[in-house]
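Remarks on the structure that follows.
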Number of protein chains: 2
Amino acid sequence: MRLTDRQKLILTLVIHEHIQTAQPVGSNTLVLKYNLAMSSATVRNEMSVLTEVNLLRQPHTSAGRVPTEEGYRFFVGNLIQKSTLPTTTRRTITHQFYQSRQDVEQWLRLAVSVLASQAQAASLVTAPHAEKAIFKHLELVATRGRQVLMVLVLMDGDIRQQFITLAEAISQERLSEIAGRISTLCIRCDSADIARLRSQFDALGQDIIDILLAEMALTEEAATGEIYLDGMTNVLSEPEFAESDEARQALYILQERSLLENLIASTMTNTDVGGIQVLIGGEGTWEELRQCSVILARYGDPESLTGSIGVLGPIRMPYDRAISTVQFVANVLSDLVSEMLAV
Amino acid sequence: MRLTDRQKLILTLVIHEHIQTAQPVGSNTLVLKYNLAMSSATVRNEMSVLTEVNLLRQPHTSAGRVPTEEGYRFFVGNLIQKSTLPTTTRRTITHQFYQSRQDVEQWLRLAVSVLASQAQAASLVTAPHAEKAIFKHLELVATRGRQVLMVLVLMDGDIRQQFITLAEAISQERLSEIAGRISTLCIRCDSADIARLRSQFDALGQDIIDILLAEMALTEEAATGEIYLDGMTNVLSEPEFAESDEARQALYILQERSLLENLIASTMTNTDVGGIQVLIGGEGTWEELRQCSVILARYGDPESLTGSIGVLGPIRMPYDRAISTVQFVANVLSDLVSEMLAV
DNA sequence: TTTTAGCACTCTCCCTATGAGAGTGCTAAA
DNA sequence: TTTAGCACTCTCATAGGGAGAGTGCTAAAA
């Protein structure tokens with residue numbers, strides 16, 4: 001779509017103004033508020049053009065203009081000026097992350113809370129997750145009788161714990177010995193490798209390996225790691241969700257884990273780490289998100305460990321700020337992941 | 001407060017009807033809908049009395065009656081008939097829990113989802129949590145260089161993981177040996193015991209014990225275990241929350257972990273396992289919950305491991321069903337906890 | 001003494017009408 | 001190509017006027 005500079009300016013201003021006021025924007029308002037060096041009639045003519053090419057829309061004949069979804073998309077794709085968060089903000093955030101560097105769970109909680117408060121929207125962060133589960137360490141703890149606690153540590157930092165019941169009671173020494181052997185032999189192995197090693201163990205060891213493999217398979221099935229959410233009440237305060245039903249649908253997607261995983265999976269398939277996806281108004285696919293926009297990014301190490309982060313807000317979202325926040329947090333998380341992998 | 005049987009009946013019916021319709025209830029409606037053997041005038045007189053003692057309220061002079069908070073409290077305290085969930089429902093739920101018995105996290109997810117769907121409200125479940133952290137097992141996994149993953153298993157099933165950086169690189173064998181010694185010596189010890197044992201270890205062991213103690217202290221500080229939430233969108237669909245701001249405040253309490261912990265802590269202090277607390281309209285203390293009611297119960301083994309569960313909905317909540325659901329789920333969880341402790 | 005029929009009265013809710021205000025599109029002049 | 005001027009359109013806020021639901025009171029009935 002070819003637009004003159006003036007048309008681009010007006011589109012930008014309409015979007016900017018509408019994001020602030022949530023109201024249709026009139027030609028007069030625009031001229032006065034932004035001291036434009038042209039008359040309202042000129043603005044009206046340009047608006048007419050923009051309406052014809054479906055970037056703007058009139059709620060009714062004699063109202064101001066409102067950006068269409070296509071308008072927002074054009075804006076995000078062509079006009080948005082990459083803003084960056086203020087240095088002080090960035091420093092504060094980085095500092096917070098630095099303080100909680102030992103604990104992955106804390107990063108993620110912090111990330112999701114920073115996103116929510118900076119973008120004033122609902123936010124989500126998925127724990128970093130490897131496509132292939134790689135064994136790192138196994139621990140068996142005798143509980144009582146035949147009940148044993150199995151703790152499985154994977155290379156991506158994921159820890160799976162499970163109670164298992166063995167055929168007979170086994171002493172802690174024996175359990176530790178087996179766990180030690182499995183840990184030493186299988187380190188850095190994937191499921192297939194471990195299956196091949198299975199025959200080297202005695203009956204008990206093979207039983208345990210079977211459970212272990214089942215658990216690893218389960219981890220691999222999960223499309224994403226654990227999902228952290230925050231800021232959902234931010235969305236509720238937006239005026240377009242006063243008729244609460246729309247908001248409910250949007251929040252429902254966030255709550256319903258399977259839907260959310262779908263959304264992330266289908267949006268992120270072709271997204272590189274560092275790349276950003278902006279989903280405006282559900283893009284025809286996500287009925288529940290018709291009133292919402294979602295900004296998603298991938299973080300981590302593309303070779304091994306990746307996760308997704310994003311924010312969800314009304315279509316009328318401050319895209320520049322939201323995008324730069326998402327980008328910034330994604331970068332911070334990527335750094336933390338590679339630091340974790342490298343040390 | 002002394003009421004005649006007829007007054008109790010009418011109060012009950014008004015509450016019942018109002019819960020269904022969310023509208024003020026008129027004398028005529030009541031007589032017709034419930035085939036009362038009296039005239040609407042009689043009902044009106046009784047309603048007048050109930051209004052005088054502040055159990056009912058008129059939104060405006062010529063409207064029907066609405067229960068006051070006090071009315072609901074009287075109802076819950078004196079009139080409610082303990083209903084139980086249908087046997088088939090109970091069986092289905094029990095069966096689901098039975099299937100996920102190995103995995104504590106799965107119980108809790110299931111519990112919170114059952115509560116939400118059965119009570120059609122927002123629901124919460126906290127992980128079982130011991131007042132005193134008791135050591136069970138320690139594991140140290142060499143990562144790379146001086147970076148070590150510490151996995152700490154406590155008796156209540158809580159697992160804490162953390163990356164720690166040692167003064168120098170240590171081999172996995174050495175780490176396993178130390179972890180093994182600490183595990184053997186400290187099993188079933190609390191922080192004080194472990195602090196006493198500290199001198200029996202070499203410098204490295206003491207360093208690790210210090211970190212371990214810090215971690216245990218952290219666990220003890222936390223008033224509750226992890227909190228699981230579900231069904232928040234259920235609350236949004238209630239008509240009294242159409243003016244979305246009220247709903248926002250209520251959901252905010254659920255989202256804001258510290259507030260929620262406060263709420264649980266202050267409500268649960270005097271509640272035994274098996275007991276149920278019903279908080280109607282914030283009870284003057286919780287400003288954000290003025291439009292809501294919360295039903296909370298404690299589950300687990302009072303001697304060692306307890307957690308809280310509850311539902312949050314509009315004041316106009318189907319108390320009988322909600323209470324029996326909470327009670328039932330609390331019982332199921334208590335059974336699972338004692339099974340876990342006993343096996 | 002208690003219950004009930006009858007009735008006037010009150011208040012909300014919904015519908016309609018009306019006018020102000022904001023904003024548009026078009027035309028003709030600059 | 002831009003702009004001033006103007007008629008026109010549509011929303012929104014406000015007010016008025018039933019209809020309907022429900023009450024409280026009074027007096028009669030049980």
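Residue numbers start from 1 in every chain, and the chains themselves are labelled A, B, ... in the order their sequence lines are given, proteins ahead of strands.
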| request: Using a 4.0 Å cut-off on protein heavy atoms (strictly under), produce a 5'-to-3' string for nucleotides 25-30 of chain C with B for base contact, S for backbone-only sugar-phosphate contact, and - for none. | output: B-----
| At their closest point, which heavy atom of A:L312 faces which heavy atom of A:C292, and how far apart are they? | CD2-SG, 4.1 Å
| At their closest point, which heavy atom of B:L115 faces which heavy atom of B:G310, and how far apart are they? | CD1-O, 3.8 Å
Separation of [N] [atom2] from [X] [atom1] (nearest whole Å):
X: B:H60; N: D:dG20; atom1: NE2; atom2: C1'; result: 12 Å
X: A:E17; N: C:dA22; atom1: CD; atom2: P; result: 15 Å
X: B:R6; N: C:dT4; atom1: CZ; atom2: C1'; result: 11 Å
X: B:N28; N: C:dT4; atom1: CG; atom2: C1'; result: 13 Å
X: A:R57; N: C:dT24; atom1: CZ; atom2: P; result: 14 Å
X: B:L32; N: D:dA21; atom1: CG; atom2: C1'; result: 13 Å
X: B:K33; N: D:dG22; atom1: NZ; atom2: P; result: 11 Å

Will you find, in the side chains of [X] and [Y], an N or O donor that is under 3.5 Å from an N or O acceptor?
X: A:T92; Y: A:T89; result: no
X: B:T51; Y: B:S48; result: no
X: B:Q277; Y: B:T271; result: yes

| message | Applying the salt bridge (Lys or Arg N to Asp or Glu O under 4.0 Å) criterion to A:R316, which one of A:E69, A:E17, A:E238 satisfies it? | response |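 Answer after filtering A:E69, A:E17, A:E238: A:E238.
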So which protein nitrogen or oxygen atoms get under 3.5 Å of nucleotides 28-30 of chain D's nitrogens or oxygens?
none

Would you call [X] and [Y] a side-chain contact if the rule is heavy atoms closer than 4.5 Å?
X: B:I315; Y: B:E240; value: no
X: B:V311; Y: B:T325; value: no
X: B:V14; Y: B:F75; value: no

| field | Bracket string, DNA chain C, 5' to 3' - pairs by Watson-Crick or G-U geometry under 3.5 Å, | interstrand | value | ||||||||||||||||||||||||||||||
| query | Do side-chain atoms of A:T68 reach the backbone of A:L55 as a donor and acceptor pair under 3.5 angstrom? | reply | yes
| Under 4.0 angstrom, heavy atoms only, what part of the nucleic acid is A:S40 near: base, sugar-phosphate, or nothing? | nothing
| Phosphate OP1/OP2 of D:dT3 contacted by A:T42 side-chain N/O (<4.0 Å) |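 Result: yes.
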| task | Evaluate the ring planes of A:Y34 and A:H16, with Trp represented by its six-membered ring, and classify them as parallel (under 30°), tilted (30 to 60°) or perpendicular (over 60°). | result |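 Rings of A:Y34 and A:H16: perpendicular, over 60°.
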| field | Side chain B:S62 and base D:dT23 donor-acceptor under 3.5 Å | value |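 Between D:dT23 and B:S62, which were checked side chain against base, a qualifying N/O pair under 3.5 Å is absent.
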